[in-house]
Amino acid sequence: MSWTDERVELLKKLWSDGLSASQIAAELGGITRNAVIGKVHRLGLSGRAKSPTSSAPRPRKARSSGHMIRVQRPQVRGNTALAYDYEVEPEPELLEIPLEQRKTLLQLNEKTCRWPVGDPSGPDFFFCGGEAAEDQPYCSFHCRVAYQPANDRRRQKPAFRG
DNA sequence: CCCTGATTCGC
DNA sequence: GCGAATCAGG
């Protein structure tokens with residue numbers, strides 16, 4: 001493979017979009033990340049706008065409800081097969097939890113809804129914190145969400161009440 | 001060990 | 001100009 005005008009343009013676009021060199025290499029195909037990096041330098045666009053110092057892992061969806069469906073999408077990079085995790089948000093309204101109601105693990109007790117929201121290893125993890133229903137670990141809303149068959153969730157769409 | 005970009009240097 | 005090898009780092 002060679003650097004045709006077309007491939008260079010695509011490289012510029014993907015690079016400015018913040019994709020990593022190896023991701024771009026996979027996108028272009030028949031090329032290694034070294035080739036991409038080398039080309040990027042030769043083109044003089046090495047410094048990127050929004051490149052965090054840390055090796056930012058796979059871009060994820062901003063939020064996770066903590067009850068997302070994990071999906072694996074296989075990807076071939078060079079001669080290596082990789083599998084990335086993606087997450088699907090089944091119920092956006094689960095995030096409609098008032099900020100002042102949300103609780104950390106240490107703030108939970110028998111009377112608070114212990115429904116987890118978000119990635120437990122991330123900074124945005126919290127528990128619902130609403131008033132737990134009688135003899136239940138969750139508030140009435142999350143009881144319905146938790147005990148309802150997954151296929152029925154879309155049909156009912158209960159309004160969140162804490 | 002996974003990944004990231006940066007650099008070098010023979011081709 | 002190209003990119004594998006290598007380096008430095010998270």
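Reminder, nothing fancy here: chain letters follow the sequence lines and each chain counts from 1.
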Check this one for me: any side-chain N or O of A/S2 less than 4.0 Å away from OP1 or OP2 of C/dC2? no
In short, A/Y138 meets A/C113 closest at the heavy-atom pair CA-SG, 3.5 Å
Closest approach to the side chain of A/K39, judged atom by atom: which nucleotide of C/dC2, B/dT4, C/dG3 is it? C/dC2
Which whole-number value in Å describes the distance from A/N34 CG to B/dC3 P? 13 Å
So does A/T32 get a side-chain nitrogen or oxygen closer than 4.0 Å to the phosphate oxygens (OP1/OP2) of C/dG3? no
Assess whether one donor atom and one acceptor atom, taken from the side chain of A/R42 and the base of C/dG3, lie less than 3.5 Å apart. yes
Do other residues, nucleotides or ligands put more than 12 heavy atoms under 6.0 Å from A/D5 CG? no
Rounded to whole angstroms, how far apart are CD on A/Q23 and P on B/dC2? 17 Å
Quick check against the 3.5 Å criterion: does A/R102 have a side-chain atom that pairs as donor or acceptor with the backbone of A/I97? yes
Could you tell me the separation between the CG atom of A/L28 and the P atom of C/dC2, rounded to a whole number of Å? 13 Å
Measure CG/A/L11 against P/B/dG5 and give the value in whole Å, please. 12 Å
To the nearest Å, give me how far apart NE2 (A/H41) and C1' (C/dT6) are. 14 Å
Once you round it to whole Å, what is the distance between C1' of C/dG9 and CD1 of A/I37? 13 Å
When the distance from CZ of A/R33 to P of C/dG3 is rounded to whole Å, what number comes out? 14 Å
Nearest whole Å is fine: how far is C/dG3 P from A/W3 CH2? 7 Å
Side-chain donor or acceptor of A/R7 paired with backbone N/O of A/S2 under 3.5 Å: yes
The side chain of A/A35 lies closest to which of these nucleotides: C/dA5, C/dG3, B/dT4? C/dG3
Under 4.0 Å: is that the gap between some side-chain N or O of A/W15 and OP1 or OP2 of B/dG5? no
Could you grab the distance from atom OG of A/S22 to atom CD1 of A/I37, nearest 0.5 Å is fine? 8.0 Å
